[in-house]
Structure formats: C-alpha cells, structure tokens
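What you are looking at is a predicted structure, and each value in this text was computed from that prediction instead of being measured. The chain is numbered in sequence order, starting from 1.
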Amino acid sequence: MNRRKAWLGIGAVLLLLAVVIYWSSKEEPEVYPPYTSESPALNGLRGFYTLLEEQGQGAARWTAAPGQLPGSSTSRTLLMAEPLKTVSGEEMQRYREWMEAGHTIWLMKQHPAGYFDVGVEYPESRQGSSRITDADGNQYDAEVRTSYRLRTEEADQVLLKDELGAIAVERSYGEGRLIVSLTPSWLTNDQILDKDHFTLVSKLMDTADSSGGLWFDEYIHTRAGFADKAGVYPSWILFFTIQMAVLTILSLWWKGKRFGPYFTPREAVVRFGDERLQAVASWYKKGAFYRESLEIQESYVRQLLQERYGVPVHLSWEETRESLDGRVDADVMERWTTMSRRIEPLEHQSHVDKKSYLEWSGVLEEMRKEVQDR
C-alpha cells in the first residue's frame, strides 16, 4: 500500500513537470543576438544578407571556428560585424594566418582595440551625424555612433574619415588584407537605408573585393551558455531527458542509495602540494631570480585579463589601458591606470633587486586581486 502511494506521488510529480514544460515551451518570438545575418530585428543584418543573395553576390554564413577556414586559392572575404564572442589569442592567430594566405577580413566594430593590433584614438568626445569623406574626396552624410577614431599606421590606406579622424582603413596582411570600420550600425536593418549608409557600405564592399564570395562570420555571435546549446534539440527530447533524470534520482533515493563527500588523501596535499610550492619559492629566493619571478606574475595577470575582458596578452600596458577603457567602470579604470603605470618601468628593467621586487610583486598582487575578486 505504501509502495503504491509512493508511485502515485512520483506519477503526480512527473505529470506536473510535463505540464510546466508544455506551458513554458509555448511558441514565443525568437530572440536573436544583434548583428546576425538571420535576425529580422532592427539591429540585425538580414536585410543586407537577403539583398546580396538576390543580387547573386555569393553571400554565405560561416559558423565554424577560424581554424577551419579553407585555405583555397580563391580569395574570399569574411565579414565580422560587431563580435559578441570574445576571440581568444589562438583564434586571433588563425584569422591572421587566413588573411596572410591571400584572403580579406572586413571587421565592423565600434571599438576594435584588441583585434589584429588595431588601435583607437580618443578625440573630442562626440558622436552622431558626421560628414564623411572618402579616399577620392567625395563627401557623404552618415550616422557615426562612436566617439573613437582609428589610429593609423604609415602603410595604412584611409578609406573613410570625418573631421575627428579615420573611420575606415585598409591594412595589408601578408598576401591578404584587413579592412576595419567603426560603423557596424550601417549594416543593420533600421540603418542601412538611412542617409548615405548603403552607398558607403557599397564602397567598402568594393574595396574588400567580395567577388569570390562574402561570408558572414556567425561564429563570433555564438554564446557558450547551456540554454543556447540545448536549443538545438527538439522539445520532446529535452522533456524526455529531464523526466528520465528525475525518475533516476527518485529511483536511487527509493533504493536507499546515499552519496558521501570525497576526501583527498593527506599525502596528496602535503607531499605534492605545499612542499613543492615551498621548494620552488626557496629556489627562486636563494638564486635571486627576482626578474624571472616578476615575469611569471605579470604573465599570470595578463592571462587573467584575457580570460575576463578579452585583452590580448601581447599588448603593452598602455595598449591594455586603451583596451580596458569602456569595458570597466570609471573607478575601476582609475585604479587600473594607477597600478599599470607603476608596473610599466618593469618592461625596461633587466635586473631587479630585492627591494624593487617586493614593491612590484605587491603591485602585481593588487592587480591580480582586482581581476579575480570583482
């Protein structure tokens, strides 16, 4: 009798779960990430993508990692419109190698610092309508929604500019090219037909030479969350999986299964943990390897910055500050500016004494806590 009541309770729980899943999975308007070629929303690029398809200009979507980009002899153009995903250092290197093989990357991003060694300038804080001038001296009306301007190098070709500085530039990469523009909003469904946006986009397309096909990079718009990964499965599979998981847990509980904590053997902690760290620390101290120790600490802080904010590890501290600006709060940026300027002289020091080591090590410890504790 008790067993029958238990199974009736389990059945009621599963029925309630089925009802909740059914009502929660009702059809709702699909939410698209911004700047994706499938999005019909105002901030999507579906209109631009559809136009290229209708004109037969070889528009296609690229959803795989950059390491899988084909190295064919046909020159192709990859459009990266306002990346949502943080690109790692290894992935950035794969993009560089693909460009050097003779292809073109067209990067449209409001703040491209940290991508392909692109730098930005901070002119007078202003954004909005601008009078745009192309390389031939022709002028156009357009909306520029960023106060940054591109920092140009001697070999760069300025494609578009206004009174504050460069808005779009072209840079050679081996056999290929990189085209950078600060105006991804010109491609969106609600902006592409405003003012002279479409004319300017067409000029950038002609410069990119997309005759071999224009690929829209959708890999940079993917999220790594569980909901996005689970969304590829039909609702009935998710429903069945959740019910089986609940039934398995209840079955284990019914059979009296109990799971205790996992204990790590003391010798694994003492023999291979504290003793090894103390031995390494003693070796660095006795050998006066202060410069090497600071390099390791600095490298660890840079790795944390890349994981947290997507700042490449090879940037100088000045470039790191530029990359962090706009990604952190003003008070946090002020602390980072102070700490990074204190650590900058270390880049020009080949020998470090014990007193300087303790000071710089303390600064690096503060920087580590600033990243990890926030």
| task | Begin with the C-alpha distance, continue with both residues' side-chain angles, and end with the deciding distance and a verdict on side-chain hydrogen bond (donor to acceptor under 3.5 Å, both in side chains) for Asp134 and Tyr140. | result | CA-CA 8 Å; Asp134 64 11; Tyr140 306 89; 3.3 Å; yes
Flag for [Y]-[X]: side-chain donor and acceptor within less than 3.5 Å:
X      : Y      : value
Glu218 : Ser37  : yes
Arg46  : Ser39  : no
Tyr35  : Asn43  : no
Ser185 : Thr183 : no
His111 : Asp325 : no
Asp353 : Ser356 : yes

Look up atom [atom1] in [X] and atom [atom2] in [Y], then write down how far apart they are to the nearest 0.5 Å.
X      : Y      : atom1 : atom2 : answer
Arg151 : Asp117 : CZ    : CG    : 11.5 Å
Asn138 : Thr133 : CG    : OG1   : 9.0 Å
Leu42  : Thr188 : CG    : OG1   : 8.0 Å
Met333 : Asp329 : CE    : CG    : 11.5 Å
Leu305 : Leu324 : CG    : CG    : 6.0 Å
Met339 : Trp317 : CE    : CH2   : 9.0 Å

Which heavy atom of [X] sits nearest to which heavy atom of [Y], and what is that distance?
X      : Y      : result
Ser361 : Leu294 : N-CD2, 3.8 Å
Glu322 : Tyr122 : O-OH, 3.0 Å
Ala168 : Leu204 : CB-CD2, 4.0 Å
Asp194 : Asp190 : OD2-O, 3.1 Å
Leu159 : Ile179 : CD1-CG2, 4.0 Å
Arg302 : Leu315 : NH1-O, 2.6 Å

| query | Tyr219: what forms a ring-ring contact (aromatic ring centres under 6.0 Å, His included) with it, not counting sequence neighbours? | reply |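 Checked Tyr219 against ring-ring contact (aromatic ring centres under 6.0 Å, His included); zero matches.
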| query | Given the rule in the side-chain contact (heavy atoms from CB on, under 4.5 Å) test, do Asp196 and Trp186 qualify, once you have shown the distances and angles that lead to the verdict? | reply | CA-CA 9 Å; Asp196 295 322; Trp186 289 356; over 6 Å; no
4.5 Å side-chain heavy-atom contact, [X] and [Y]:
X      : Y      : result
Glu100 : Glu175 : no
Arg177 : Thr207 : yes
His314 : Met92  : no
Ile296 : Phe289 : no
Phe116 : Tyr173 : yes
Leu182 : Met108 : no
Gln297 : Val301 : no
Trp106 : Met80  : no

| request: Determine, for Trp62 and Arg76, whether the Lys NZ or Arg CZ falls below 6.0 Å from the six-membered ring centre while staying within 45 degrees of the axis. | output: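 No, cation not above the ring by the 6.0 Å, 45° rule.
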State whether [X] and [Y] are salt-bridged, where the test is any N-O pair (Lys NZ or Arg NE/NH1/NH2 against Asp/Glu carboxylate O) under 4.0 Å.
X      : Y      : value
Asp141 : Lys195 : no
Glu121 : Arg149 : no
Glu295 : Arg291 : yes
Glu344 : Arg321 : yes
Glu97  : Arg94  : yes
Arg131 : Glu163 : no

Can you hop from [X] to [Y] via hydrophobic side chains spaced under 4.5 Å?
X      : Y      : value
Leu304 : Val313 : no
Ile249 : Met244 : no
Tyr300 : Trp336 : yes

| task | Identify which one of Thr77, Leu78, Thr104 satisfies the side chain to side chain contact (heavy atoms under 4.5 Å, CB included) criterion when paired with Leu214. | result |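 The single option meeting the side chain to side chain contact (heavy atoms under 4.5 Å, CB included) with Leu214 is Thr77.
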In this structure, are over 12 heavy atoms from other groups packed under 6.0 Å from [X] atom [atom1]?
X      : atom1 : result
Lys161 : NZ    : no
Glu90  : CD    : no
Glu53  : CD    : yes

Looking only at atom types and distance, does a side-chain atom of [X] sit under 3.5 Å from a main-chain N or O of [Y], one as donor and one as acceptor?
X      : Y      : answer
Thr320 : Ser316 : yes
His221 : Leu84  : no
Glu54  : Leu51  : no
Asn189 : Gly47  : yes
Arg171 : Asp156 : no
His197 : Leu187 : no

| field | Intermediate values then yes/no, side-chain hydrogen bond (donor to acceptor under 3.5 Å, both in side chains), Ser323 and Tyr309 | value | CA-CA 9 Å; Ser323 183; Tyr309 300 109; over 6 Å; no
| task | Determine, step by step, whether Thr152 and Val158 satisfy the side-chain contact (heavy atoms from CB on, under 4.5 Å) criterion, reporting the C-alpha distance in whole Å, the side-chain angles of both residues, the deciding distance to 0.1 Å, and the verdict. | result | CA-CA 8 Å; Thr152 58; Val158 178; 4.0 Å; yes
| message | Does the plane of the ring in Trp215 sit parallel, tilted or perpendicular to the ring in Trp98? Use 30° and 60° as the thresholds. | response |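 It falls in the parallel class, under 30°.
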| Given the rule in the side-chain contact (heavy atoms from CB on, under 4.5 Å) test, do Arg61 and Tyr49 qualify, once you have shown the distances and angles that lead to the verdict? | CA-CA 9 Å; Arg61 297 181 177 92; Tyr49 184 88; 3.4 Å; yes
